[in-house]
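Encoded as structure tokens, the structure appears first; notes follow it.
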Amino acid sequence: MNISLKILIFMVVGGIVGTILHQFSGNAFINEYFINGAFHVGGKWFVNALKMLMVPLVFVSIVCGVCSLADPKKLGNLSLKTIGLYLVTTALALVLAISLALIFQPGEGMPLKDTGYVAKESVPFVNVLVNLIPSNVVQAFAEAKMLQIIIFAILFAIAIMHSGKAGERIKEFFDSLNEVVLAIVNIIMKFAPYGVFCLIAKTFATFDTESLFQGLFWYFALVVLALILHALITYSALLRFVGGLNPIVFFKGMWPAMITAFGTSSSAATLPVTMRCVEKNIGVKKSTYSFTLPLGATINMDGTAIMQGIATLFIAQAYGEALTAAQLGMIVVTATLASIGTAAVPGVGLIMLQGVLLQVGLPIEAIGMILGIDRLLDMTRTAVNISGDAAVSAIVAKSEGEIDLDVYNDPVIHSNFEDPEPETK
Ligand code: ASP
């Protein structure tokens, strides 16, 4: 069976099994052996396996990608366009989120309760800037500091290009290493349906559906609505009018990565799958996506920005605080920065929300109110986060002549990347 269909089926079955088990979550046997036993271990294995690949994959593919740029001067252009588009899409996401929150007022009538939330420390933006340059490369690798690894990889690749014969030998080595790393991705993806099943089953079994209906429903629904609108309208319009690409073809090709993002709630863990989809189904050349996608997974989080925008207004409304136009502008700026600083792993978007709340003078304890339902929103926003990275990559690639339109328009989607008979689009 085609693997993306298989992942989808396992995801739905996981949701059903999880919902049933939620009724029995008080039962020690079910809790210990299923929810926090088999499902917990299976899900963690899958996420760990994907994360394990993150550092080697990002480093090796950036080195190969930059080295394969026919004209190294293109790198400057590529980075400017990519970073510019990432910022624009995030700002658009926030404008949409804030407008919807102003129209629908999800926090109106929300009873205030003591949430018992204990604030964790969020990273100030100035530290994000200071930490761009690693002072210790080994530490950057060990702690998976993505921006630092990206910067070191680019420097390394530029040095290879300036090193003549010695550089050529190293480049050949990296090209071979790249093949090997991708072979590991293929092996791990064979287990994706089971991993996704465990992750979803555990989430649904742990998740307290009651809290959703106790006033938080409108917040939840509005975030999901904004995420869907942003993906379907903003990305489609950009793909169509800026990139001249058919958006339907795009979403069909990205489907396997979106499901993986939904299952793992982590753009970083999904990166191997995003890269494969963008290469095999969207047709973006490695020289472009090897740079744009790891960067996007690290700094471009439109879905996270949407949650932060709506959450801030929701909390303000719940506390009866009217926000001025200047404060709304401040939310756009700080939430853009907060989403840049958000690490591409589950739940960090909510921690970074503290910075936005502080900026507009709202109490950070209010985060406790939305904490209970954040996991499900995290899954959805991560799928949007990776779609944004892929859409920008496709548009930038098109403008640089780095996309193979035959692959883009090819009516087959590769979801099992070794599948000899891919499914028809
Ligand atoms: N889980 C998100 C991601 O990895 C980040 C977040 O919003 O918490 O893209």
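Owing to the predicted nature of the structure, the values given are computational and were not obtained by experimental measurement. Indexing begins at 1, ligand by ligand and atom by atom, following the structure's order.
Residue Thr382 has at least one heavy-atom neighbour below 4.0 Å for each of these atoms of ligand 1: 1 (N), 2 (C), 3 (C), 4 (O), 9 (O). Per-residue contacts place Thr304 under 4.0 angstrom from the following atoms of ligand 1 (heavy atoms of the residue considered): 5 (C), 6 (C), 7 (O). Less than 4.0 angstrom separates some heavy atom of Ser266 from each of these atoms of ligand 1: 4 (O).
Nearest protein heavy-atom neighbour of atom 9 (O) of ligand 1: Ser267 OG, 2.4 Å. Closest protein heavy atom to atom 1 (N) of ligand 1: Asp378 OD1, 2.7 Å.
Taking the charged nitrogens against the carboxylate oxygens, Asp374 and Arg381 do have a contact shorter than 4.0 Å, which makes a salt bridge.
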For this session: Given ring-ring contact (aromatic ring centres under 6.0 Å, His included), test Phe10 with Tyr194 step by step and report yes or no.
Result: CA-CA 7 Å; Phe10 274 71; Tyr194 316 107; 5.2 Å; yes
Exercise. Is there a ring-ring contact (aromatic ring centres under 6.0 Å, His included) between Phe250 and Tyr408 once you walk through the steps?
Worked result: CA-CA 8 Å; Phe250 172 84; Tyr408 191 86; 7.3 Å; no
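Proximity of Ser265 to ligand 1, defined as any heavy-atom pair under 4.0 Å, is confined to the backbone N, CA, C and O atoms. Residue contacts with ligand 1 for Met307 are absent, since no atom lies close enough (heavy atoms, distance under 4.0 Å).
Ser339 approaches Gln308 most closely through the heavy-atom pair N-OE1, 3.9 Å. Minimum interatomic distance between Pro247 and Leu239 (heavy atoms only, all atoms of both residues): CA-CD1, 4.2 Å.
Checking side-chain atoms of Tyr86 against main-chain N and O of Thr292 turns up a donor-acceptor pair under 3.5 Å.
Considering backbone and side-chain N/O of Gly349, one or more are found under 3.5 Å from N/O of ligand 1.
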